Each structure stands twice: as structure tokens, then as C-alpha cells.
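Below is one structure; the comments refer to it alone.
All figures in this text were calculated on a predicted structure; none of them were measured in a lab. Residue indices begin at 1 and follow the sequence shown.
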Amino acid sequence: MRQCILWLDNRVREIEHHALWLLLATIFVILTATVFFRYVLGSPITWTEELLTMLFTWMVFIGASSALSTHQHIRIDMVLRILPPRYELLASVVAVLVCLVVFLVVIHFGLKYVRTTWGDRTPMMDLTYGFYTLALPVTSMCATLHVIRNCLDGGVRDALKSTIEVQAGGGDVA
């Protein structure tokens, strides 16, 4: 089971990495074309705002999931600093469980939201709004997998630590 999770998480990380570069490049090209058509040719492209909004939405959510997989999120550890060291493991377990529960709730209600928006269409491109809202449950599933992978790799104590904390070996960084 562990090998399956590691393999799956590796594939998801690769997909996220490539998707982020592809989304960024696509946004750049579309924005450049939009500016060129509007200001040089005097003929604006009307549908680009919808497409850019959708691409940017996906990029933000994929970026958040990807950042979690590589410990790039910040962590507010004020509670850990005031707790006695013997409670660090308990606090880490609670933090990971709360994180996983939040992701599962977001997945559940995100899928419900996708179902309610799937029939609605965008005015210019006539795409379903479901493409926008699908970013939330999909990337929450990825983030859930990343947290589980981080627990397997470094243990529960290191699962939600930032890069600086992981590199410092869990010592005091501030």
C-alpha cells in the first residue's frame, strides 16, 4: 500500500509541476495576444477574460497543492512553541487529522458545487462553469495525497512543516 501511495503521489507531483508551467505559459501567451490585438490592431479579443480566469483559478489551486507537497507553505507554530515538548507528537497528529478532515470536507462539498454549476454556461465561450469549480475538489484530493505522502516520508511530526523547519531538522528556526 505504501509503494502504491508513493508511486501515485510521484505521478501527481509530476503532473502538477508540468501543469503549472503549461498554465503559466498559456496565460502569458494569451495575455500577450490580448494586449497586441487590443492596442496594436485595435480589435480586442472578447473571450480571453473568461479563459484567463479559468486558467488562473486552476493555476492557483494546483500551486497550493504543489506547495504542500514540497513543504513550501508557511506554518504558524505558536501553539507548538507554548506547549511542552512532550505534546509535540500529539499536536502534530491533531494538525494532520484536522488538515485531512478539512480536505475531505472540501472534496465532498466541492463535488456538490461542481454538480450545481455544471449546467451553467459562460457567456462568451459557452463553457460550463463546472470547469472553474472542479479545481477545488481535484486539487484537494491531490493535497490529501500529499499530506499522506509527507506522513509516510518524514513521519507525522514533519508532515506539515515548512521547508526551513525540515532542513533545520526540526530545531528552533526563529
(message) Using side-chain contact (heavy atoms from CB on, under 4.5 Å), reason through Leu55 and Met59 one step at a time and then give a plain yes or no.
(response) CA-CA 6 Å; Leu55 295 176; Met59 191 171 80; over 6 Å; no
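- To the nearest 0.5 Å, atom CZ of residue Phe109 and atom OG of residue Ser140 are 13.0 Å apart.
- A tilted orientation is assigned to the rings of Tyr132 and Tyr129, their planes being inclined by 30° to 60°.
- Residues Val147 and Cys99 approach most closely at CG2-SG, 4.1 Å, considering heavy atoms.
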(request) Give the C-alpha distance, both sets of side-chain angles, the deciding distance and a yes or no for side-chain contact (heavy atoms from CB on, under 4.5 Å) between Leu97 and Val94. (result) CA-CA 5 Å; Leu97 289 176; Val94 169; 5.8 Å; no
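- Leu152 and Leu68 fall within the same hydrophobic cluster, where Ile, Leu, Val, Met, Phe, Trp and Tyr residues are linked whenever their side-chain heavy atoms come under 4.5 Å apart, directly or through other members.
- No single ILVMFWY cluster, assembled from side-chain heavy atoms under 4.5 Å apart, contains both Val12 and Trp21.
- Scored by the side chain to side chain donor-acceptor pair (under 3.5 Å) test, Thr116 finds no partners at all (sequence neighbours excluded).
- Checking side-chain atoms of Trp47 against main-chain N and O of Pro123 turns up no donor-acceptor pair under 3.5 Å.
- If you chain together hydrophobic residues whose side chains sit under 4.5 Å apart, Val105 and Val96 never meet in one group.
- A chain of hydrophobic side-chain contacts below 4.5 Å, direct or via other Ile, Leu, Val, Met, Phe, Trp or Tyr residues, connects Leu20 to Leu24.
- The side-chain heavy atoms of Asn150 and Ser69, taken from C-beta on, include no pair separated by under 4.5 Å.
- Hydrophobic clustering (side-chain heavy atoms under 4.5 Å, transitive across Ile, Leu, Val, Met, Phe, Trp, Tyr) keeps Phe61 apart from Met54.
- The main-chain N or O of Leu160 is never found under 3.5 Å from a side-chain atom of His71 such that the two would form a donor-acceptor pair.
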(request) Test side-chain contact (heavy atoms from CB on, under 4.5 Å) on Tyr113 and Leu136 and set out the steps. (result) CA-CA 9 Å; Tyr113 188 49; Leu136 185 60; 5.8 Å; no
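- Looking only at atom types and distance, the side chain of Ser65 has a donor-acceptor partner in the side chain of Glu16 under 3.5 Å away.
- The shortest distance between side-chain heavy atoms of Arg13 and Arg149 falls below 4.5 Å.
- When each of Ser92, Pro84, Pro85 is tested with Glu88 by the rule side chain to side chain contact (heavy atoms under 4.5 Å, CB included), just one qualifies, namely Ser92.
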(request) Could you give me the CA-CA distance, side-chain angles and deciding distance for Asp9 and Ile148, then say whether side-chain contact (heavy atoms from CB on, under 4.5 Å) is met? (result) CA-CA 9 Å; Asp9 189 62; Ile148 293 169; over 6 Å; no
